[in-house]
Amino acid sequence: MTSTPCRAQSTVVGLRPPTLQTIPESIAKNMAIVQARSDSRIMAVVKADGYGHGALTVARAAIAAGAQWLGTTDFDEAVNLREAGLSVPILAWLNPAGFDAGAASAGGIDLAVGSVEELQTLLEQPSGAAVRIHLHVDTGMSREGVPRSEWDAIILRALEGQRRGKIFVVGLMGHLPLADRADPRANEEAVALMHEAKAKITAAGFDDPITHLAATAGALTDPATHFGMIRLGAGLVGIDPSGTTDLSGASRLTAPIVHNATVMPGTPVGYGGTYTTDRTTRLSTLPVGYADGIPREISPDASVEIHGCRYPVVGRVSMDQIVINTGATYYPRGTTATVFGPKDGVTPTIQEWASWAGTIPHTIVTNIGSRVKRTIA
Ligand SMILES: *Cc1c(COP(=O)(O)O)cnc(C)c1O
């Protein structure tokens, strides 16, 4: 870690509430890195509120940078994007039982269909116009896709449904289980299955559907997985599951110091007194805790940035608060601490928080609580 000297001068910024700021410029930079590695179309995946960064904010930034499609898991997430005025094609891939086909055709939302039963349900419903579907084939996840043994069956039904004007097959979808290994050999089986599925549906007489298999890791490491489109989620917000690129963090979590104390050596801090000061030191309290997404299980390395310097989080993480040890330095109430932000040599990144918490950066950004204020840089 580069050590920048702490700036001793501190500025009181007023008691701004804990804030998660989304940084569209980082999203644009990340899009450019992916575009340099792939000519395929890009679907911006903005499920789980854009990985916690605001679905609309991430969608708009990605579209401005060249994304041509949007993807969500949930149908309602897709409808929200459409109702906000976004006009690009939107795919939702995990649709509840008893799902309303009419809502999909009326909202212009594409649906992924991952089983014969799902397709049957869709075909039995009144839908108005044909529902645009993507056949989701299992390429090794055993999660949402149609198992290979049922490909012929679903293709037959889809053909019949398309002839009747109930559905229109616009896409063929798979998903890579092992792309984060950053080794194309790990994807070979899935790629072969995808080619096989594509050949089958073309032979059945469907127009050439848009084929998509890769997410961020495949997009960054294995061109054989790109096909007609890549689905980019984590990469948009600065997470590279393959660990091969330096993407830009697209959010910054800040909180103001709300309480200060100078304590003697041997002073226990927080519930359980799990940490005890070893010298006279200054402690400051930040109004964010595990209810706001600060992981409760963290290593002693966990720290925050203030004025170009890192200070450790000490004692247990409370529901609403953490305590930091600023040593000999005094920062007045209202001084802003950065919990995480884009990499700058000092500010902790979401990747660091993930390693301190023994998790992946995805869980850090998707767990930020609802009382944290959201802004856009
Ligand atoms: C979440 C998800 C993606 C995006 O994956 P990233 O690794 O976040 O880019 C793509 N496809 C499916 C089916 C997903 O569930």
Side-chain angles (χ1 to χ4, degrees), residues 26-27 30-31 33-35 37-38 40-53 55 58-59 61-62 65 67-75 77-78 81 89-95 109-115 118 133-146 171-182 186-187 190-191 193-194 197 210-222 225-245 247-251 350-351 354 359-367:
S26 293
I27 296 167
N30 296 333
M31 280 285 294
I33 289 171
V34 173
Q35 284 158 328
R37 296 190 185 200
S38 178
S40 300
R41 270 171 278 192
I42 296 177
M43 172 189 286
V45 176
V46 296
K47 64 191 184 190
D49 198 26
Y51 295 53
H53 291 64
V58 177
Q68 290 173 282
W69 282 68
L70 292 172
T72 63
T73 301
D74 192 80
F75 183 73
E77 295 177 308
L81 297 169
I90 306 176
L91 170 66
W93 52 76
L94 195 62
N95 300 299
I109 309 290
D110 294 12
L111 301 181
V113 174
S115 71
E118 255 177 79
I133 70 163
H134 298 232
L135 290 175
H136 188 169
V137 294
D138 184 12
T139 52
M141 286 289 286
S142 302
R143 193 178 68 169
E144 300 141 288
V146 190
L172 172 66
M173 169 175 184
H175 196 45
L176 294 169
L178 305 174
D180 59 355
R181 292 190 188 166
N187 304 324
V191 170
L193 282 167
M194 208 65 195
I210 183 160
T211 302
H212 44 107
L213 174 65
T216 299
L220 290 170
T221 61
D222 186 1
T225 65
H226 293 182
F227 291 91
M229 181 158 67
I230 57 191
R231 300 185 305 268
L232 190 65
L236 289 173
V237 299
I239 300 169
D240 172 7
S242 75
T244 59
T245 50
L247 300 174
S248 303
S251 54
I350 52 174
Q351 282 77 9
T359 182
I360 54 173
H362 308 61
T363 70
I364 302 295
V365 287
T366 55
N367 282 341

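Index from 1, following the sequence. Atoms within each ligand, like the ligands themselves, are counted from 1 in listed order. Just so it is clear, the structure is predicted and the values come from calculations on it, not from any experiment.
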Close-contact set for ligand 1 against [X] heavy atoms, below 4.0 Å:
X      : value
Thr216 : 6 (P), 7 (O), 9 (O)
Tyr51  : 1 (C), 4 (C), 5 (O), 6 (P), 8 (O)
Met173 : 13 (C)

_From CE (Met43) to CD (Gln68), nearest 0.5 Å_ = 11.0 Å
*Can you tell me how far the CG atom of Asn187 sits from the CE atom of Met194, to the nearest 0.5 Å?*
12.5 Å
_Side chain, backbone, both or neither: Arg231 near ligand 1, heavy atoms under 4.0 Å_ = both
*Is ligand 1 under 4.0 Å from a heavy atom in the side chain of His362, in the backbone, in both, or in neither?*
neither
*Non-neighbouring partners of Asp110 that pass side-chain hydrogen bond (donor to acceptor under 3.5 Å, both in side chains), sequence neighbours left out*: Arg132, His134
*Name the one of Thr216, Ile360, Thr221 that satisfies side-chain contact (heavy atoms from CB on, under 4.5 Å) with Pro241?*
Thr216
*Within less than 4.0 angstrom of ligand 1, does Arg143 place any heavy atom?*
yes
*May I ask whether Met43 has any heavy atom positioned less than 4.0 angstrom from an atom of ligand 1?*
no
_Given 3.5 Å as the limit, does a donor-acceptor pair link the side chain of Ser26 with the main chain of Gly249, or not?_
yes
*asked:* For Ile33, is there any backbone N or O sitting under 3.5 Å from a side-chain donor or acceptor partner on Asn30?
replied: no
_Side chain or backbone, does Gly233 bring an N or O within less than 3.5 Å of an N or O on ligand 1?_
yes
*Considering only protein heavy atoms, which is closest to atom 2 (C) of ligand 1, and at what distance to one decimal place?*
Lys47 NZ, 2.5 Å
_Counting non-hydrogen protein atoms only, what is the nearest one to atom 5 (O) of ligand 1? Give residue, atom name and distance._
Ala215 CB, 3.3 Å
*Can you tell which of Arg231, Glu144, His136 makes a side chain to side chain donor-acceptor pair (under 3.5 Å) with His175?*
Arg231
